[in-house]
Amino acid sequence: MRLKRFLSVLIAVAVPAIVAFSQTLPPGVQKVTSVEGITEYAFPNGLHVLLDPDNSKPKITVNVVYLVGSRNEGYGETGMAHLLEHMVFKTTKSGRELFKELTDRTGGGNFNGTTSYDQTMYFETVNATDENLRWALGLEADRMVNMTMEKKDLDTEMTVVRNELESGENSPLNVLQERVLAAAYNFHNYGKTVIGNRTDVERVPVENLAVFYRKYYQPDNAVLIVAGQFDESKALAYVAETAGAIPKPQRALTQPYTWEPTQEGE
């Protein structure tokens with residue numbers, strides 16, 4: 001009898017708690033899984049969100065990973081993914097200057113972006129406040145679909161990327177890696193450098209960059225990560241107001257179909 005009474009009390013307490021938690025999720029958002037304190041959520045527009053609460057330090061890092069890299073580039077487009085990484089630090093259609101905002105808000109430079117073969121990533125680390133979290137999520141939502149892609153910005157960033165390319169040409173380790181990858185892959189883009197070919201970088205039309213941007217920088221091709229000291233319910237609500245509110249694109253997201261042939265020797 002005592003066990004029965006205990007179980008009835010336990011259920012009476014637990015069920016409302018479960019219901020209350022489910023009510024904190026924004027409309028249409030589903031919890032996917034939770035592993036070692038990190039919880040994944042899926043938004044209706046295809047965006048996936050990972051929340052990693054950590055109260056050990058009063059900081060929040062917002063990180064957006066796009067599932068696109070140099071492997072997605074076509075003929076004459078080598079270096080496009082990396083060049084685009086530079087372009088999305090410029091201005092938005094509403095006139096926001098992202099690089100200036102990031103510099104001012106993070107205290108001078110606690111932000112960055114990187115491009116690899118399979119992904120492109122951006123992050124910023126800010127002091128742990130609701131206002132800063134909402135700002136960071138809003139900025140990344142703007143970066144996702146509202147960049148201007150202007151020729152004057154391309155002209156500036158092309159020279160920056162070309163300087164990086166030339167720096168790599170003066171690095172014996174970098175040159176060795178480039179030669180090894182070129183020997184290892186005959187057809188796949190893994191055999192080309194992420195930074196690309198000089199003439200492709202110098203001559204790529206800004207219109208081509210804009211097409212690449214509109215195709216791959218979309219919520220259904222992104223994973224948004226929030227880590228640090230924050231309230232999970234508020235974070236999900238802020239995501240729903242920003243990147244989660246971007247309409248799911250109508251285009252079909254295609255993937256590269258080139259397979260590397262079987263090697264016949266070392």
* Asked: Are W135 and L133 joined in one hydrophobic group, where the rule is that I, L, V, M, F, W and Y side chains link up if heavy atoms are under 4.5 Å apart?
  -> yes
Which pairs of donor and acceptor atoms, one on a side chain in residues 217-230, lie under 3.5 Å apart (sequence neighbours left out)?
from	atom 1	to	atom 2	distance (Å)
Y217	OH	Y122	OH	2.7
Q218	NE2	R214	O	2.9
D220	OD1	R251	NH2	2.9
D220	OD2	R251	NH1	2.9
N221	ND2	Y216	O	3.1
Q229	NE2	N55	O	3.4

* **side-chain hydrogen bond (donor to acceptor under 3.5 Å, both in side chains) between N197 and T199, worked out** => CA-CA 6 Å; N197 173 274; T199 55; 2.4 Å; yes
* Asked: Counting only N and O atoms by type, is there a donor-acceptor contact under 3.5 Å from the side chain of S171 to the main-chain atoms of S167?
  -> no
* To do: First locate atom OG1 of T125, then atom CG of L102, and finally report the distance between them rounded to the nearest 0.5 Å.
  => 11.0 Å
* Considering only heavy atoms from C-beta outward, does the side chain of K192 approach that of Y185 to under 4.5 Å? -> no
* Asked: Is the side chain of Q263 donor-acceptor paired with the backbone N or O of A184 at a distance under 3.5 Å, no angle test?
  -> yes
* Minimum heavy-atom separation for L51 to E232, with atom names? -> CD1-O, 3.9 Å
* Output yes when a side-chain donor or acceptor of T120 lies under 3.5 Å from a complementary backbone atom of V68, and no otherwise. => yes
* Donor-acceptor pair, Y117 side chain versus T193 backbone, under 3.5 Å? -> no
* Test log, rule side-chain contact (heavy atoms from CB on, under 4.5 Å), inputs L83 and F212 -> CA-CA 11 Å; L83 189 54; F212 196 86; over 6 Å; no
* To do: Would you check if M149 and V88 make a side-chain contact, meaning some heavy-atom pair closer than 4.5 Å?
  => yes
* To do: For F89 and D153, run side-chain contact (heavy atoms from CB on, under 4.5 Å): C-alpha distance rounded to whole Å, both residues' side-chain angles, the deciding distance at 0.1 Å, then the answer.
  => CA-CA 10 Å; F89 279 96; D153 292 331; over 6 Å; no
* To do: Quick one: closest heavy-atom pair of P256 and N72, and the distance?
  => CD-ND2, 3.5 Å
* Asked: When rounded to the nearest 0.5 angstrom, what is the spacing between CD in E150 and NZ in K152?
  -> 4.5 Å
* Should V160 and M147 be regarded as members of a common hydrophobic cluster, given that ILVMFWY residues are connected when their side-chain heavy atoms come within less than 4.5 Å of each other, either directly or indirectly? -> no
* **Inter-residue atom distance F43.CZ - H48.NE2, 0.5 Å rounding** => 10.5 Å
* Does N174 reach the main-chain N or O of N170 with its side chain, forming a donor-acceptor pair under 3.5 Å? -> no
* **Stepwise salt bridge (Lys or Arg N to Asp or Glu O under 4.0 Å) test for E169 and R198** => CA-CA 11 Å; E169 290 174 343; R198 177 191 293 268; 3.3 Å; yes
* Asked: Atom NE2 in H82, atom CD in E164: separation rounded to 0.5 Å?
  -> 4.5 Å
* Is M121 reachable from L50 through a run of hydrophobic residues whose side-chain heavy atoms are each under 4.5 Å from the next? -> yes
* Asked: Sub-3.5 Å donor-acceptor pair from the side chain of E73 to the main-chain atoms of M80, do we have one?
  -> yes
* Asked: Going from CE on M158 to CG on L165, what distance comes out if it is rounded to the nearest 0.5 angstrom?
  -> 11.5 Å
* Please check if the side chain of E260 supplies one atom and the backbone of H188 the other of a donor-acceptor pair under 3.5 Å. => yes
* Just wondering, do D54 and S56 contact through their side chains at under 4.5 Å, heavy atoms? -> yes
* **Lys/Arg N to Asp/Glu carboxylate O, E131 vs R134, below 4.0 Å** => no
* Look at the side chain of T103 and the backbone N and O of F99, then say whether any donor-acceptor pair between them is shorter than 3.5 Å. => yes
* Within 6.0 Å of CD in Q30, more than 12 heavy atoms from elsewhere -> no
* **side-chain contact (heavy atoms from CB on, under 4.5 Å), paired with R96, selected from N146, T148, L139, T91** => L139
* **NZ on K151 to CG on D155, rounded to 0.5 Å** => 3.5 Å
* **Atom of K31, atom of L25 and distance for their closest heavy-atom approach** => N-CD1, 4.4 Å
* **M87 side chain near L84 side chain, heavy-atom distance below 4.5 Å** => yes
* Could R105 and E124 be called an ion pair, given the rule that one side-chain N must be under 4.0 Å from one carboxylate O? -> no
Identify every side-chain donor-acceptor pair in residues 200-211 under 3.5 Å, counting partners at least two apart or on other chains, and give the distances.
from	atom 1	to	atom 2	distance (Å)
D200	OD2	T78	N	3.3
D200	OD2	T78	OG1	2.5
E202	OE2	R162	NH1	3.1

Donor-acceptor contacts, no H, no angles, side chain residues 237-246, under 3.5 Å, sequence neighbours left out:
from	atom 1	to	atom 2	distance (Å)
T242	OG1	Y238	O	2.8
T242	OG1	V239	O	3.3

* Which one of N110, T114, T106, V62 satisfies the side-chain contact (heavy atoms from CB on, under 4.5 Å) criterion with F123? -> N110
* 4.5 Å side-chain heavy-atom contact, P247 and N45 -> no
* To do: State, with a plain yes or no, whether a side-chain heavy atom of D142 is found less than 4.5 Å away from one of S94.
  => yes
* May I ask you to test the L98-K90 pair for a side-chain heavy-atom distance under 4.5 Å? => no
* For side-chain hydrogen bond (donor to acceptor under 3.5 Å, both in side chains), just list the numbers for T61 and N63, CA-CA rounded to whole Å, side-chain angles, deciding distance to a tenth of an Å, and then say yes or no. => CA-CA 6 Å; T61 295; N63 188 342; over 6 Å; no
* To do: Indicate, with yes or no, if V194 and V65 share a hydrophobic cluster defined by side-chain heavy-atom contacts under 4.5 Å among Ile, Leu, Val, Met, Phe, Trp and Tyr.
  => no
